[in-house]
Amino acid sequence: MATSVVLVVAILTATSTVEASGDVSSGARSTRVRRQTGELRQEIPAQFNQIYQGSVFNGTEDIYRYSYMQNESSPRAIRVEVKSQGASEDYPLLFVVRQQRGILSWQVPLMIRGIYGYDKVSRTLCPMDHLQTGVKDERETVYLEVSAASPAALNYRVNATILTDFSLSTGQSRNFLVSPSQPQYYAYKMPPDLDMVVVKVSSPSNLCAVFSLQPIKCPVYDLDRNIEFVGIYQTFMKKAAITVQKSYFPNGEFYVVVVVKATDSDCTGEMETIQPANPSDEAFEMRRVKEVTVVVGPSITDSQYVTAVFVGILVFVLFYVVTFMVLFIQWIRQRNAELEGLAPRPEEQGGFQITQPTNAEAPINAQRTEPNYGATATDPYSMGEQPIETKPGIPPTDQPNGPPMPTNPPPPRPAQSKSYPKPPMVHTLSDSSMEDDIDMLDDADEDKDIYRTKTFLYVADLARKDHRHLSQKYNLYSWNLLTISVFYALPVIQLVITYQKMLNTTGNEDICYYNFFCAQPAGDLTAFNNVYSNIGYIMLGVLILILVYRRDYTHQKKVDAGDRYAIDYGIPKHFGLFYAIGIALVMEGVMSGCYHVCPNYSNFQFDTSFMYIIGGLGMLKLYQTRHPDINANAYAAYASLAIVIFVAVIGVVFGTPYFWAIFTVVYVLAILALTAQVYYMGRWRLDMGIFHRMYLLIRTDCLQCSKPMYWDRFVLLLVGNIINWSLALFGAVGQPDDFASFMLAIFIINFLLYFVFYIVMKLRSGERILWVTVGLIIITLICWTLALSFFFKGVTTWEKTPAQSRLDNKACVLMGFYDDHDIWHFMSAISMFCSFLVLLMLDDDLDYTPRDKIPVF
């Protein structure tokens with residue numbers, strides 16, 4: 001700002017010095033001559049860099065004639081400066097410039113938005129050198145006409161100068177001053193070896209300005225009221241950038257135009273009132289003067305562009321290569337084991353495990369004195385056989401203290417026809433999978449209470465439903481999500497294409513919130529790099545689907561072959577939620593790519609909708625692992641997620657204190673309802689008797705008991721309630737602007753909380769985590785740490801105005817093509833892929849453990 005003050009003072013000093021020295025042309029004396037002779041129109045030969053003073057009134061006119069030689073090899077422009085302190089809005093001075101191919105006119109005072117008039121105006125005339133190709137050393141004449149309709153004489157002052165440095169050069173900066181009444185523009189032509197350049201403007205001032213690129217033709221629109229008529233433009237405060245391809249402008253030539261807004265409301269979003277100023281106060285002219293620096297630099301070359309695109313896809317192709325190599329090696333090992341008559345077992349792979357506690361230590365699941373109510377390891381194919389004591393993760397034949405087993409393995413079960421054997425304790429259900437309630441047991445409610453309200457539960461207690469019906473139930477997650485995705489994606493794609501076409505047609509780059517300092521165009525896309533970097537979600541989502549399908553196919557083959565370990569041991573295998581997670585990851589890539597076609601306030605939910613779905617499905621899958629019978633159905637789950645997305649949109653659009661109050665109350669009530677659902681395994685009802693039952697609960701469980709009935713669930717829910725109540729309090733007090741991210745943070749925090757609880761409880765129960773899974777967990781933590789570090793750097797923000805968002809714009813950080821947010825896309829895709837692999841492999845150590853020995857937590 002200090003530099004701008006010095007420059008303005010120097011200009012004013014030089015002007016006043018010329019005036020004081022009496023170096024004034026004959027135009028200053030023309031008024032007296034005109035009044036004596038009655039002459040109404042006079043033509044004055046004028047010279048550049050010479051100040052002329054005069055006065056006009058109604059019916060009179062002064063014409064200044066300027067002549068200069070055109071020079072095509074070194075284009076020049078004429079800049080005219082006029083000033084009049086006596087003119088008013090009712091009786092303005094009119095200035096008309098006549099050139100060979102155009103006319104430019106304005107008045108003094110220059111009215112900006114009809115609110116305030118500037119008595120000093122500087123305009124650059126459209127240069128003819130660019131328009132008359134092939135014409136050299138031809139004299140051009142310019143006429144400047146001054147007139148007024150005032151009955152009294154209006155004094156004025158004019159000065160015309162030739163701008164010899166009118167053309168910009170690649171890599172060289174240009175400093176100048178601009179104001180609402182004194183816009184500036186310069187010409188630039190791309191060299192033959194460049195196909196794309198980045199035009200950057202910067203300023204130490206926060207004054208709101210407009211930065212435009214316009215084709216080489218007359219007239220040049222350089223005022224606040226018309227700068228948006230042609231070309232490409234942006235509002236900015238301290239910095240802005242436009243990446244332009246040579247094909248956008250004929251011959252790669254364009255004007256760089258900058259003008260200051262009369263107010264800052266277009267950049268700050270806050271309405272302002274212009275206070276009238278004293279025209280005699282020259283300090284007022286400096287109030288809206290902005291110092292600007294323009295630099296035109298080369299963008300990346302075509303070879304760098306192609307290399308960056310190729311490397312981006314190569315990274316994820318390597319995931320496929322490594323995955324298939326690992327699967328091939330695993331297939332070789334299994335094949336060799338089958339040839340040798342040995343089955344590979346998880347305990348051979350080792351793993352991380354807390355030492356199995358002794359009986360004296362009385363751990364969580366080491367001592368069980370209560371009956372299991374049917375949750376035993378009894379083989380349904382051997383009636384009356386006694387349960388076999390087994391250790392987690394080790395088949396009964398390998399138990400050191402177990403009963404002697406026959407040398408020959410037990411005969412295989414009869415082959416099944418694409419279905420699981422029905423446990424003898426479960427009654428036959430109807431063939432329909434369209435249940436109205438999430439519970440499908442045909443037992444009486446009292447029977448459910450017996451199994452689900454025990455102090456210590458095992459997976460066998462919550463895996464009593466027919467496996468066929470559960471598989472159909474969980475497969476609905478993937479099919480419903482496919483339907484949702486198609487109906488959601490099609491209008492989204494149509495909308496963002498319309499946005500992009502609107503931007504390209506109008507040139508208004510305030511429509512979309514790009515990182516303009518790293519926006520790599522391709523075709524009609526302004527920021528292709530931001531769209532392309534989402535390819536990781538799609539490719540790794542497809543890879544997840546391939547891995548899930550392989551597991552599903554392998555497991556079904558074992559079931560068809562009558563493998564008892566695939567049927568009765570380990571965590572029940574339901575892959576419907578995993579398929580849904582893979583589809584959701586693919587759709588996150590599609591929807592995030594659509595959002596980044598034109599990111600703005602109107603379509604932010606496109607980028608976050610499937611993030612909510614991924615977080616919700618992850619929590620449901622983790623809960624389903626040991627609660628297969630009581631997990632929510634697809635309709636209830638997606639309806640709940642739809643409500644969450646709807647609330648997120650309302651929070652962004654109508655984030656008033658009233659909304660936050662209502663949201664906080666509903667959030668707390670939802671926490672309490674979910675707490676009751678999880679604590680009592682779904683065996684509770686919301687009706688008029690809820691308050692009486694709460695009274696009995698507090699009286700019996702809280703006042704008369706030294707500890708809760710379900711201690712582990714109590715600890716999880718206590719910590720979860722503390723964290724969620726804290727989030728609710730933070731939202732009610734802080735009321736963050738980005739409500740969508742706040743909702744997403746709630747999902748992520750709760751998922752991480754449940755995941756950590758699951759790991760801790762798994763280790764406390766004496767179970768192991770395979771070393772492969774441990775390695776994946778470590779890699780996942782590293783990837784998430786790196787991903788979040790790039791996410792929080794933030795290169796744009798649609799919660800603010802476009803000009804304020806550009807303050808966060810940053811240059812490319814990877815290969816001159818990708819910015820911080822692109823790296824977030826890459827790293828978050830890898831992180832989610834690894835996270836879902838962890839979920840897929842987390843309980844592989846239990847494949848040979850009877851389900852009546854796998855605790856529920």
Side-chain angles (χ1 to χ4, degrees), residues 167-173 187-201 211 213-216 231-232 234 239-256 294-318 496-497 500-501 503-505 507 509 512 514-539 589 592-594 596-599 790 795-796 806 809-826 829:
S167 297
L168 298 173
S169 301
T170 305
Q172 295 182 354
S173 62
Y188 176 79
K189 182 177 182 179
M190 290 189 192
D193 59 334
L194 291 181
D195 294 324
M196 186 165 57
V197 294
V198 182
V199 185
K200 301 179 181 178
V201 296
F211 158 47
L213 303 183
Q214 300 181 18
I216 301 293
I232 313 170
Q234 299 176 4
K239 61 180 181 179
I242 295 178
T243 301
V244 58
Q245 298 172 290
K246 181 177 289 186
S247 59
Y248 192 88
F249 293 106
N251 302 320
E253 294 182 281
F254 54 86
Y255 290 132
V256 180
V294 173
V295 179
V296 182
S299 183
I300 62 174
T301 63
D302 291 342
S303 60
Q304 291 174 320
Y305 195 106
V306 174
T307 301
V309 172
F310 177 76
V311 170
I313 196 172
L314 180 63
V315 170
F316 299 104
V317 170
L318 290 177
V496 296
I497 291 177
Q500 184 67 67
K501 288 183 177 179
L503 184 148
N504 295 339
T505 302
E509 295 202 339
C512 306
Y514 302 117
N515 177 16
F516 290 94
F517 280 75
C518 186
Q520 311 297 340
D524 290 335
L525 296 178
T526 303
F528 171 74
N529 56 310
N530 294 150
V531 178
Y532 177 74
S533 59
N534 291 281
I535 192 173
Y537 297 115
I538 299 175
M539 295 186 66
S592 180
C594 290
H596 284 91
V597 169
C598 182
F790 285 102
V795 293
T796 60
R806 291 187 186 95
N809 288 179
K810 298 180 180 64
C812 301
V813 295
L814 181 62
M815 304 182 69
F817 188 84
Y818 301 109
D819 61 14
D820 291 323
H821 198 72
D822 294 325
I823 300 177
W824 150 254
H825 287 161
F826 290 143

query: side-chain hydrogen bond (donor to acceptor under 3.5 Å, both in side chains) with N515: which of T796, N530, D819?
result: D819
- prompt: From I497 CD1 over to C598 SG, what is the distance, rounded to the nearest 0.5 angstrom?
  reply: 12.0 Å
- request: Determine whether M190 and V244 make a side-chain contact, defined as any pair of heavy atoms from C-beta on separated by less than 4.5 Å.
  value: yes
field: Over all atoms of both residues, closest heavy-atom pair of S303 and T307
entry: O-OG1, 2.7 Å
- request: Quick one: sort the Y537 and H825 rings into parallel, tilted or perpendicular, breaks at 30° and 60°.
  value: perpendicular
message: Tell me whether Q520 contacts the main-chain N or O of Y305 through its side chain, where contact means a donor paired with an acceptor under 3.5 Å.
response: no
message: Closer than 3.5 angstrom, by distance alone: can the side chain of Y188 be matched with the main-chain N or O of V256 as a donor-acceptor pair?
response: no
- line: With D822 as partner, the option from N534, N529, L814 fulfilling side chain to side chain contact (heavy atoms under 4.5 Å, CB included) is N529
message: Using only atom types and a distance under 3.5 Å, with no angle test, would you say the side chain of Q234 pairs donor to acceptor with the backbone of A241?
response: yes
- line: Nearest heavy-atom approach of G523 to Q245 is O-OE1, 4.3 Å
- request: Tell me, with the steps shown, if L213 and V199 meet side chain to side chain contact (heavy atoms under 4.5 Å, CB included).
  value: CA-CA 9 Å; L213 303 183; V199 185; 4.2 Å; yes
Donor-acceptor pair, side chain of K239 and main chain of N809, under 3.5 angstrom: yes
- request: Could you tell me which non-hydrogen atom of I300 sits nearest to which non-hydrogen atom of G816, and how far apart they are?
  value: CG2-O, 3.2 Å
field: Heavy-atom pair with the smallest gap, counting every atom of C518 and A811
entry: CB-C, 4.1 Å
message: Is the shortest side-chain heavy-atom distance between V317 and M539 below 4.5 Å?
response: yes
- prompt: Heavy-atom distance under 4.5 Å between the side chains of K501 and D524, does that happen here?
  reply: no
- request: Would you please classify the geometry between the F528 ring and the F817 ring as parallel, tilted or perpendicular, with 30° and 60° separating the classes?
  value: perpendicular
query: Does P191 offer a backbone N or O that forms a donor-acceptor pair with the side chain of K246 under 3.5 Å?
result: yes
message: With rounding to the nearest 0.5 angstrom, report the CD to OG distance, E253 to S167.
response: 9.0 Å
field: Smallest separation among heavy atoms of F517 and K810, with atom names
entry: CB-O, 3.4 Å
statement: Smallest heavy-atom separation, T243 atom then A519 atom, equals OG1-O, 3.4 Å
- prompt: Got V813 and I823 here, is their nearest side-chain heavy-atom distance under 4.5 Å?
  reply: yes
message: Does the plane of the ring in F516 sit parallel, tilted or perpendicular to the ring in Y514? Use 30° and 60° as the thresholds.
response: perpendicular
query: For Y248 and I232, what are the C-alpha separation, side-chain angles and deciding distance, and is it a side chain to side chain contact (heavy atoms under 4.5 Å, CB included)?
result: CA-CA 10 Å; Y248 192 88; I232 313 170; 3.4 Å; yes
task: Decide yes or no for N504 and T526: does some side-chain heavy atom of the first lie under 4.5 Å from some side-chain heavy atom of the second?
output: yes
Ring centre gap for Y818 and F826 strictly below 6.0 Å: yes
